[in-house]
Amino acid sequence: MTSLTLTRPDDWHLHLRDNEALAAVVGATARQMGRAIIMPNLTPPVTTTEQALAYRERILAALPAGSAFEPLMTLYLTDRTPAEEIERAHASGLVHAVKLYPAGATTNSDSGVTDLAHCDAAIAAMARLGLPLLVHGEVTDAEIDIFDREAVFIERVMKPLLERHPTLRVVFEHITTADAAEFVTSAPANVAATITAHHLLYNRNHMLVGGIRPHYYCLPILKRERHRQALLAAATSGSPKFFLGTDSAPHAQGDKESACGCAGAYTAPAAIELYAEAFEAAGALARLEGFASHFGPDFYGLPRNADTVTLVREPWQLPASLPYAAGQRIVPLRAGETLAWKLQA
Ligand SMILES: NC(=O)N[C@@H](CC(=O)O)C(=O)O
Ligand SMILES: [Zn+2]
Ligand SMILES: [Zn+2]
């Protein structure tokens, strides 16, 4: 196959940051995706509908002229989010989900939830209104090994949450383990998952063998090959429970290439190309459109995009770095390397 036309994809898990960084990265996603679910882990976090709507305006203002890209906003759940805020969010029609960060689990999660018991009224309101809860699914207990934090989260948090709120719509974000893929597969239809391109393409050896590669460091951390295989099987299965969420998470070059580097892979500049590579390697290019363009809007109750994009088999090189905020640079995943598929301009 030398070219592939699909319904325009959407990104159901994206970090755009704010201000200058936002202006530097938003065009990369807007070129490819019709819409994206915008993560609320700014500093300070986006905890109110008012903040989400103001952030949405800043995103729209930062878009390249003529772009039809649509940011789908989210709220950052805290121990103190009132049910009324959930109702306001839902009534706005512009906030499409609420994000659960266990406190301390990842970048800018300090204001996250310490115990879901504090959020019962908010979560009950979400279940009632059909507003999805997006979950960073890792426990934060110091004694739990970083490679086990997702699997332990399923038992300790996810299962009790769904037992208490069985109709809650949940997206298990950026799943990284066979355990999570199996859990989502056997859960009812109100439970889905996003999968990143990097977790489909890489295992922990890519990050750690022959030198430590900070641009492959993200959370949840890359796992062993068995888990990558399970994610690839889930993504290419044709199940509508699994859809595209890049978790493209920009950090300045200096913050990644550091003695204590930040977590996050910047994949937006070649997102659909990276997914195409993963699906092709699995012999499943024909299943890319469902995963990238159909199952996400179907889960969120939104129309599929009306236009298409075309990928062509044409080698091209990703730049070694790109401009970022405040004179800094940002290094995309696969920087300086050649990609097999290219999105037609
Ligand atoms: N995935 C990451 O490694 N980092 C994300 C946060 C997140 O999605 O957990 C970020 O905001 O940098
Ligand atoms: Zn996360
Ligand atoms: Zn993320």
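Both ligands and their constituent atoms are indexed starting at 1 by order of listing. Below, each value reflects all heavy atoms present in this structure, side chains not excepted, and no hydrogens, waters or symmetry copies.
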(message) If I compare all heavy atoms of Ile37 with all of His96, which pair ends up nearest, and what's the gap?
(response) CD1-CB, 4.1 Å
(request) Check whether any N, O or S atom of His174, backbone or side chain, sits closer than 2.8 Å to the Zn ion (ligand 2). (result) yes
(request) Say whether Glu314 and Gln344, considering side chains only, have a donor N or O and an acceptor N or O under 3.5 Å apart. (result) no
(request) May I ask you to identify, for Asn41, whether its side chain, its backbone, both or neither come under 4.0 Å of ligand 1 on a heavy-atom basis? (result) side chain
(request) Output the list of atoms in ligand 1 that are nearer than 4.0 Å to some heavy atom of Cys218, sorted by atom number. (result) 3 (O)
(message) Please list the nearest protein heavy atom to atom 6 (C) of ligand 1 with its residue and the distance rounded to 0.1 Å.
(response) Thr106 OG1, 3.2 Å
(request) Check for a donor-acceptor pair, side chain of Arg169 on one end and backbone N or O of Gly130 on the other, with a separation under 3.5 Å. (result) yes
(request) Look only at interatomic distance and state if Ala249 has a nitrogen or oxygen under 3.5 Å from any nitrogen or oxygen of ligand 1. (result) no
(request) Would you please indicate if the ring centroids of His136 and His174 are separated by under 6.0 Å? (result) yes
(request) Please determine, by modelled atom types, if Arg329 and Ser321 share a side-chain donor-acceptor pair under 3.5 angstrom. (result) yes
(message) Within the 3.5 Å criterion, strictly below it, is a donor on Asp11 or Thr246 matched to an acceptor on the partner's side chain?
(response) yes
(request) May I ask you to identify the nearest protein heavy atom to atom 3 (O) of ligand 1, giving residue, atom name and distance to one decimal place in Å? (result) Leu219 N, 2.7 Å
(message) Within ligand 1, which atoms have a heavy atom of Arg17 less than 4.0 Å away?
(response) 10 (C), 11 (O), 12 (O)
(request) Please write down residue, atom name and distance for the protein heavy atom closest to atom 4 (N) of ligand 1. (result) Ala263 O, 3.2 Å
(message) Within the 4.0 Å heavy-atom shell around His13, which atoms of ligand 1 are there?
(response) 8 (O)
(request) Please step through salt bridge (charged side-chain N to carboxylate O under 4.0 Å, His left out) for the pair Arg128 and Glu87, ending with a clear verdict. (result) CA-CA 10 Å; Arg128 180 162 45 81; Glu87 277 154 17; 3.0 Å; yes
(request) Would you please determine whether His174 falls within less than 4.0 Å of ligand 1 on a heavy-atom basis? (result) yes
(request) For the Zn ion (ligand 3), find the closest N/O/S atom on His13 and give its atom name. (result) NE2
(message) Does this structure show an ion pair linking Lys159 with Glu163, if we count only N-O contacts that are shorter than 4.0 Å?
(response) no
(request) Could you tell me whether some N/O pair between His15 and ligand 1 is separated by less than 3.5 angstrom? (result) yes
(message) One thing to verify: whether Glu277 and Arg334 come together as a salt bridge, which I'm taking to mean a side-chain N less than 4.0 angstrom from a carboxylate O.
(response) yes
(request) Please name the atom of His136, restricted to N, O or S, that is closest to the Zn ion (ligand 2). (result) ND1
(request) Please write down residue, atom name and distance for the protein heavy atom closest to atom 1 (N) of ligand 1. (result) Asp247 OD2, 2.7 Å
(message) Suppose we call two aromatic rings close when their centres sit under 6.0 Å apart. Are Trp12 and Tyr300 close by that rule?
(response) yes
(message) Treating Arg304 as the side-chain partner and Ser293 as the backbone partner, does any N or O pair qualify as donor plus acceptor under 3.5 Å?
(response) no
(request) Determine which of the N, O or S atoms in His15 is closest to the Zn ion (ligand 3) and give its atom name. (result) NE2
(message) Using a distance threshold of 2.8 Å, state whether an N, O or S atom of Asp247 lies below it from the Zn ion (ligand 3).
(response) yes
(message) So is Met39 touching ligand 1 or not, going by heavy atoms under 4.0 Å?
(response) no
(message) Take a 6.0 Å sphere around CD1 of Ile146 and say whether it holds more than 12 heavy atoms from other residues, nucleotides or ligands.
(response) yes
(message) With heavy-atom distances below 4.0 Å as the criterion, list the atoms of ligand 1 near His136.
(response) 9 (O)
(message) Less than 4.0 Å is my threshold; does some heavy atom of Lys99 fall inside it relative to ligand 1?
(response) no
